[in-house]
Amino acid sequence: MTARIIDGKAIAQEVRAEWKIRADALKARGITPGLAVIIVGEDPASKVYVANKVKACAELGLHSEHIALPADTSEAALLAKIAELNADPKIHGLLVQLPVPKHIDGDKVLNAISPDKDVDGFHPINVGALATGNMRFAPCTPYGSLVLLQKSGVSIEGKHAVVVGRSNIVGKPMALLLLQHNATVTICTSKTVDLAKYTRDADILVVATGRPKMITGDMIKLGAAVIDVGINRMADGKLCGDVDFESAKEVAGWITPVPGGVGPMTITMLVANTVQSAERSAGI
Ligand code: NDP
């Protein structure tokens, strides 16, 4: 068997076009959805992510503000900036690019963002909403992974979904989203004994560990849908996932490549969350 490759770039384009229609409808009513991204310091990877977020907004005709603060910005000054943007009616989505410098308390920052504008979905109120089945903003990477499954025609209800990784930004919200869609969900971590026993039983396998190529073909059920969230830079400069694509694609039914799988969906869902936030603020 050779798996169907889930083309994240093509699906991201399709999803962006759908959300552009909704953004245009808002604009016709005089509301331009707006996203503000705050970055503190000079982390090169973070700068690239922020630039890509701003670019995606421009592509869809959204208003965006990129606020670059120096690395020595005080916590109080950052919180004041967040409060200002929380109150700004042009802004419907607000995020602070993580990680923040060590002298700033990351939890305080996440808690300061208005839950109504928290398009990353990291505020405890939105985490709680997802956990109780009243989703407001789903974190973008797991949300994008879910949309990849849906757009690829993978049925979720009643299936055994195994999520490898339990981070707050990927693994845990992924598991909750799959549960919300009526999968039977298992979460595996670095402490799981006999990981392959679980992965081999997965109809849907989502891997987010940051361990290059750790899931090999022999750990995958024939015909499974495999979503590889991992992005690892190898010594030769190439990117690879947490799944060994070459052996996995011979067993899986569907698989995401790295790059070109989950990656393009993350920013797409950020834009989607921003448009949705603007719709909500307009009472739509
Ligand atoms: P974290 O380091 O926060 O979490 C990794 C998780 O994997 C932990 O829960 C850890 O378990 C688990 N884990 C580590 N080793 C093993 C193992 N051998 N067996 C089972 N579980 C294991 O990572 P993130 O969730 O932030 O990111 C995961 C990957 O996804 C990274 O490669 C990252 O670059 C990528 N990523 C990609 C994004 C995208 O846009 N495509 C966005 C965000 C992340 P434990 O809790 O026990 O330590």
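Keep in mind that the numbers below use all heavy atoms, side chains included, and drop hydrogens, waters and symmetry copies. We number each residue from 1, following the sequence as shown. When a ligand or atom number is given, it counts from 1 through the structure's own listing order.
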Next item on the list: For Ile11 and Met265, run side chain to side chain contact (heavy atoms under 4.5 Å, CB included): C-alpha distance rounded to whole Å, both residues' side-chain angles, the deciding distance at 0.1 Å, then the answer.
Entry: CA-CA 8 Å; Ile11 294 175; Met265 293 302 288; 4.1 Å; yes
Taking only heavy atoms of [X] into account, list the atoms of ligand 1 that are under 4.0 Å away from them.
X: Val262; value: 41 (N)
X: Asn232; value: 32 (O)
X: Thr266; value: 39 (C), 40 (O)
X: Ile169; value: 26 (O)
X: Val164; value: 20 (C), 21 (N)

Check: Any side-chain donor paired with an acceptor under 3.5 Å for Gln97 and Lys53?
Finding: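 Gln97 vs Lys53: donor-acceptor pair found between side chains.
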Next item on the list: For the residue pair Thr216 and Asp244, confirm or rule out a side-chain donor-acceptor distance under 3.5 Å.
Entry: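 Not at all, the side chains of Thr216 and Asp244 share no donor-acceptor pair under 3.5 Å.
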Note to self: Tell me if a side-chain donor or acceptor on Thr268 pairs with a main-chain N or O of Pro264 at a distance below 3.5 Å.
What the structure shows: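 Confirmed, Thr268 side chain pairs with Pro264 backbone.
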Margin query: Between Arg22 (side chain only) and Val275 (backbone N and O only), is there a donor and an acceptor less than 3.5 Å apart?
Written below: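 No; zero donor-acceptor contacts below 3.5 Å.
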Please list the nearest protein heavy atom to [atom] with its residue and the distance rounded to 0.1 Å.
atom: atom 2 (O) of ligand 1; value: Thr209 O, 4.5 Å
atom: atom 9 (O) of ligand 1; value: Arg166 N, 2.8 Å
atom: atom 43 (C) of ligand 1; value: Val170 CG2, 3.9 Å
atom: atom 34 (O) of ligand 1; value: Ile231 O, 3.4 Å
atom: atom 17 (C) of ligand 1; value: Met214 CE, 3.7 Å
atom: atom 37 (C) of ligand 1; value: Val229 O, 3.2 Å
atom: atom 12 (C) of ligand 1; value: Gly165 CA, 3.9 Å
atom: atom 24 (P) of ligand 1; value: Ser167 OG, 3.7 Å

Per-residue contact class, [X] against ligand 1 - non-hydrogen pairs under 4.0 Å:
X: Thr192; result: neither
X: Met265; result: neither
X: Thr141; result: side chain

Margin query: Show, in sequence, the C-alpha distance, side-chain angles and deciding distance for His160 and Asp203, and conclude whether the side chain to side chain donor-acceptor pair (under 3.5 Å) test is met.
Written below: CA-CA 5 Å; His160 185 200; Asp203 303 305; 5.6 Å; no
Notebook entry, point to check: So among Arg280, Arg136, His92, which one has a side-chain hydrogen bond (donor to acceptor under 3.5 Å, both in side chains) with Asp116?
Noted result: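 Between Asp116 and the candidates, side-chain hydrogen bond (donor to acceptor under 3.5 Å, both in side chains) is satisfied uniquely by Arg136.
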Notebook entry, point to check: Nearest non-hydrogen atom to atom 6 (C) of ligand 1 belongs to which of Gly261, Cys140, Gly171, Ala208?
Noted result: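 Considering heavy atoms of Gly261, Cys140, Gly171, Ala208, the nearest to atom 6 (C) of ligand 1 sits in Ala208.
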Next item on the list: Run down the list Pro142, Gly210, Ser190 and name the one with the heavy atom closest to atom 29 (C) of ligand 1.
Entry: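 Among Pro142, Gly210, Ser190, the closest heavy atom to atom 29 (C) of ligand 1 comes from Gly210.
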Pairing of [X] and [Y] as salt bridge, 4.0 angstrom limit:
X: Asp24; Y: Lys20; value: yes
X: Lys151; Y: Glu18; value: yes
X: Lys9; Y: Asp7; value: no

Item checked: Between CG on residue Asn86 and CD1 on residue Ile91, distance to nearest 0.5 Å ->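 Answer rounded to 0.5 Å: 10.5 Å.
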